[in-house]
There are 2 protein chains.
Amino acid sequence: MVRQIRLNAFFMNCVVHQSPGLWRHPRDRTQDYTDISYWVDLARTLERGRFDALFLADVLGVYDVYCGGAEAALRGAVQVPVNDPVLLVPVLAYATRHLGFGVTSILSYDQPYAFARRMSTLDHLTKGRVGWNVVTGYLDSAARAAGRSRQDGHDLRYEIADDYMEAVYKLWEGSWEDGAVIRDREAGVFADPARVHRIRHEGRHFQLDGYHLSEPSPQRTPVLFQAGSSPRGRAFAARHAECVFIAGNSTAEIRRLVGEIRERAAAAGRDPQAITVFLSAVCVPGRTRGEAQDKLADYRRYGSVEGSLVLQSGWQGVDFAAAPLDTPIAALGRGSVEAHDRSDRPPDRRTIRELGEAATLGGGAPLLTGSAADVADEMQRWVEEADIDGFNLTSVVAPESYVDFVDIVVPELQRRGVHKQDYRAGTLREKLGGEARLPPSHPGARHRAG
Amino acid sequence: MVRQIRLNAFFMNCVVHQSPGLWRHPRDRTQDYTDISYWVDLARTLERGRFDALFLADVLGVYDVYCGGAEAALRGAVQVPVNDPVLLVPVLAYATRHLGFGVTSILSYDQPYAFARRMSTLDHLTKGRVGWNVVTGYLDSAARAAGRSRQDGHDLRYEIADDYMEAVYKLWEGSWEDGAVIRDREAGVFADPARVHRIRHEGRHFQLDGYHLSEPSPQRTPVLFQAGSSPRGRAFAARHAECVFIAGNSTAEIRRLVGEIRERAAAAGRDPQAITVFLSAVCVPGRTRGEAQDKLADYRRYGSVEGSLVLQSGWQGVDFAAAPLDTPIAALGRGSVEAHDRSDRPPDRRTIRELGEAATLGGGAPLLTGSAADVADEMQRWVEEADIDGFNLTSVVAPESYVDFVDIVVPELQRRGVHKQDYRAGTLREKLGGEARLPPSHPGARHRAG
């Protein structure tokens with residue numbers, strides 16, 4: 001059987017996710033993000049196209065590295081305003097039957113106890129269609145909003161995250177045994193107290209003592225997504241992640257990263273092929289190659305280089321407004337704020353302007369464009385050459401980017417047998433090829449009780 | 001015009017809210033609380049009956065005062081398991097047009113910055129139909145689950161809450177001026193940075209420095225509900241609350257409390273009649289008086305005295321399992337854990353058994369029962385004698401209690417002209433008789449910018 005391609009829509013509860021300036025396009029509807037119907041339309045489009053999941057990014061804090069302030073971000077709606085993504089999930093689950101939901105939640109400013117209940121509630125309400133993108137945050141502005149002077153150091157953030165994961169695993173996997181919920185109306189016993197356990201966690205960063213508040217949900221632990229690109233982030237992913245997000249433009253480089261993640265997972269006793277790797281990409285397809293070219297040219301007229309540099313400044317911790325646009329990036333040195341740590345990446349040889357221009361559509365992710373056949377060829381090439389499992393498709397003009405993909409590219413992928421005609425039954429984890437619950441080799445499974 | 005009666009359904013995202021044991025009734029569906037359709041049915045029933053709001057209680061932690069452990073709570077599903085109520089709101093807003101949503105959120109274990117965004121997101125997604133029940137918590141088990149040894153003292157909790165309120169008012173009211181959002185596609189300006197303000201809050205308990213992440217929502221500050229019954233709680237309510245929940249069985253006593261709240265509000269420069277007071281009540285109506293009596297007798301067979309004492313032990317901080325059932329409550333002394341502080345209430349003259357039995361239906365709230373006319377008479381008497389504005393109706397068997405109320409009592413109330421035939425347009429605050437936003441006399445309005 002040919003290798004199946006997995007598909008997520010990579011989106012955000014705001015105006016500009018990763019295509020700054022495109023909100024100005026006459027057909028763009030991202031300004032409707034406060035309206036539930038807009039989201040329901042989007043989710044139904046994705047389900048029609050048999051997407052695995054709608055993946056919702058999130059950020060706390062504003063992008064204020066560029067020019068040392070938030071003005072440019074506010075002017076261009078660059079990930080601000082940004083609303084809470086978690087609240088969209090139940091209503092979109094209600095409006096669909098199979099679509100999964102990956103939701104980003106930043107653990108650095110949240111207590112594990114209430115958070116674990118929030119995710120269990122989502123897993124119940126979606127009947128097991130939820131995933132969690134584990135994020136430690138990368139903006140000092142988020143730390144200041146939580147009353148701190150700056151965020152913890154990069155590696156310490158992952159150490160804290162490891163501790164947080166242990167705490168929530170214990171709540172999700174260890175507090176309620178299978179069969180603890182009896183629902184015996186005659187005997188008046190809802191749950192057997194002997195099979196519900198009080199969790200005591202005495203970690204270096206988190207302590208808790210309590211019963212998990214939610215009865216077991218279909219997946220218990222939600223499907224775990226992670227996107228760390230630094231060596232420490234990849235170590236975290238190899239230990240915890242079931243789905244990994246990866247970004248880059250070179251198949252060789254991506255293949256190397258994927259290989260490293262799978263090796264590390266194997267070294268940790270996990271099945272390396274059970275880790276699903278999604279590459280960030282952006283797609284501009286047309287009924288014909290010419291139509292795609294025209295559409296792309298039209299889109300490019302709306303890209304905002306300033307907005308693009310606002311994002312890059314936040315991600316890299318470097319103020320790209322501090323030097324003229326023609327300055328080579330390599331001349332700027334490393335960021336003073338350690339944000340997305342890409343220390344093992346080759347140096348960027350472009351100028352600031354080139355970086356900004358390249359990143360206006362989908363944040364500079366690989367561009368899949370052309371006819372349906374062109375796009376399908378390119379997707380298959382990536383899967384083969386880079387050993388990825390699928391794509392996180394970010395939008396240019398929304399929801400148009402997804403409508404186009406579903407109408408133009410999906411039938412071609414299905415014709416080639418690389419994209420499903422129908423969903424598998426069951427939870428998101430089952431749809432991704434696993435069992436409903438974490439496999440025994442996953443570190444979270446160690447905390448099972450009973 | 002006769003005085004209109006306001007109606008909330010007082011409910012919870014769990015099996016047993018305030019009628020312990022009734023989940024065993026053959027028609028009770030509360031075990032379906034993990035299923036969205038169950039909630040959609042309920043919300044549509046309430047909207048059909050022109051309820052003002054579905055009010056969702058919440059608790060973090062388990063009721064472990066009774067017998068010094070959580071066993072009885074787990075056995076009887078007494079507010080455990082309990083799922084996150086916030087996540088229900090958008091989907092129920094999508095399934096209805098006018099119904100309001102009051103949601104309890106416990107501020108003691110949450111950061112104001114992320115919380116403020118969560119509420120703004122709800123207000124956007126519901127188009128201004130959301131209220132927030134401000135709660136400081138009352139269970140030590142919640143504090144332990146957050147890694148603390150016990151909760152803060154009662155009055156300190158309110159001091160912390162005052163500080164929290166200032167922080168979220170600043171974010172909601174002061175960060176984005178009216179008209180800051182321009183959405184000018186031509187000029188490429190989404191928001192005018194000069195009209196978006198960075199909030200610096202240096203409180204005794206909370207510090208933050210950041211922009212509110214959400215653009216202005218219809219109500220900005222959600223409608224504020226509060227239920228504090230202690231003197232300190234009533235002082236807090238007089239300052240902040242727009243809707244007050246009150247509990248008790250004596251019209252004279254309630255009238256005194258309501259008078260005190262309105263006086264305190266007036267002393268704080270607020271319009272005393274603009275505070276809407278809801279009395280907790282439970283209703284068992286019948287097509288005839290006899291049918292109601294039979295239904296009530298049937299319900300009573302399912303009440304659980306143990307479950308009832310689990311709740312009372314948690315609320316009062318007294319272990320009612322520590323003495324024989326025939327012990328007078330007055331002989332037990334005050335609770336060691338200061339929970340719901342009712343220090344200015346008259347002593348309870350009942351035995352433990354009587355307390356438990358009385359509280360199996362709706363937690364011991366006033367029982368409205370009989371024919372439609374009986375119930376309507378009783379409701380009107382309460383409104384007149386106690387100067388309340390309406391009722392928080394808790395359920396016995398759900399959703400049956402609400403279906404019965406809507407089918408049997410609502411038409412009679414409408415016939416008498418004391419219950420609306422249709423909703424007023426606009427936000428929840430407008431539906432309750434105000435403007436979309438906080439009145440100028442409210443302390444939150446002081447933080448407006450621009």
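Computation of the quantities below employed the complete heavy-atom set of this structure, encompassing side-chain atoms and omitting hydrogens, waters and symmetry-equivalent molecules. Naming convention: chains lettered A, B, ... in sequence-line order (proteins, then strands); numbering from 1 in each chain.
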* Determine the option with the most heavy-atom pairs under 4.5 angstrom with chain B, choosing from L60(A), N13(A), L87(A). => L87(A)

* Would you mind reporting whether Y164(A) and H205(A) have side-chain heavy atoms less than 4.5 Å apart? => no

* Asked: With only heavy atoms counted, which part of V78(B) is less than 4.5 Å from chain A, the side chain, the backbone, both or neither?
  -> neither

* **Which of G210(A), G61(A), S141(A) touches chain B most, by non-hydrogen pairs under 4.5 Å** => G61(A)

* Asked: With respect to chain B, which residue among N83(A), T34(A), V91(A), V86(A) yields the maximal number of heavy-atom pairs within a distance under 4.5 Å?
  -> N83(A)

* Asked: Highest number of heavy-atom pairs under 4.5 Å with chain A: which of Q79(B), E306(B), R144(B)?
  -> R144(B)

* **Side chains of D84(B) and T121(A), donor plus acceptor under 3.5 Å** => no

* Segment of V89(A) engaging chain B (4.5 angstrom heavy-atom cut-off) -> neither

* **Proximal component of Q31(B), with respect to chain A [non-hydrogen, under 4.5 Å]** => both

* Asked: Is the distance between the ring centroids of W23(B) and Y33(B) under 6.0 Å?
  -> no

* To do: With a 4.5 angstrom heavy-atom cut-off, could you sort out which part of D184(B) is near chain A: side chain, backbone, both or neither?
  => backbone

* **Rounded distance (nearest 0.5 Å) linking atom CD of Q219(A) with atom CE of M119(A)** => 9.0 Å

* Structure fact -> Max heavy-atom pairs within cutoff under 4.5 Å with chain B, candidates H201(A), E215(A), R198(A), E71(A), goes to E215(A)

* To do: Side chain from CB out, backbone as N, CA, C, O: work out which of these in V40(B) comes under 4.5 Å of a heavy atom of chain A, or both, or neither.
  => side chain

* **Lys/Arg N to Asp/Glu carboxylate O, R148(B) vs D140(B), below 4.0 Å** => no

* **chain A contact via H25(B) - which portion, at a heavy-atom distance below 4.5 Å** => backbone

* So which part of L171(A) gets closer than 4.5 Å to some heavy atom of chain B, the side chain, the backbone, both or neither? -> neither

* Does any heavy atom of chain A fall under 4.5 Å from the side chain of P26(B), the backbone, both, or neither of them? -> backbone

* Structure fact -> When the 4.5 angstrom heavy-atom criterion is applied to S214(B) and chain A, the contacting part is both

* Do you know which of Q111(B), E186(B), E202(B), R200(B) has the most heavy-atom pairs under 4.5 Å to chain A? -> Q111(B)

* Between Y94(A) and W39(B), does the ring centroid distance fall short of 6.0 Å? -> no

* Asked: For T96(A) and R129(A), does a side-chain donor sit closer than 3.5 Å to a side-chain acceptor?
  -> yes

* Portion of R183(B) that has a non-hydrogen atom of chain A nearer than 4.5 angstrom -> both

* Asked: Given side chains that start at C-beta, do those of L92(A) and L99(A) come closer than 4.5 Å, heavy atoms only?
  -> no

* **For R204(B), salt bridge (Lys or Arg N to Asp or Glu O under 4.0 Å) partners two or more places apart** => E159(B)

* Please state whether the side chain, the backbone, both or neither of W176(B) comes within less than 4.5 Å of a heavy atom of chain A. => side chain

* Are D58(A) and R117(B) ion-paired here, with the side-chain N under 4.0 Å from a carboxylate O? -> yes

* To do: Using a strict 4.0 Å threshold on nitrogen-to-oxygen distance, state whether D28(A) and R185(B) make a salt bridge.
  => no

* Proximity breakdown for D209(B) and chain A, heavy-atom pairs closer than 4.5 Å -> both

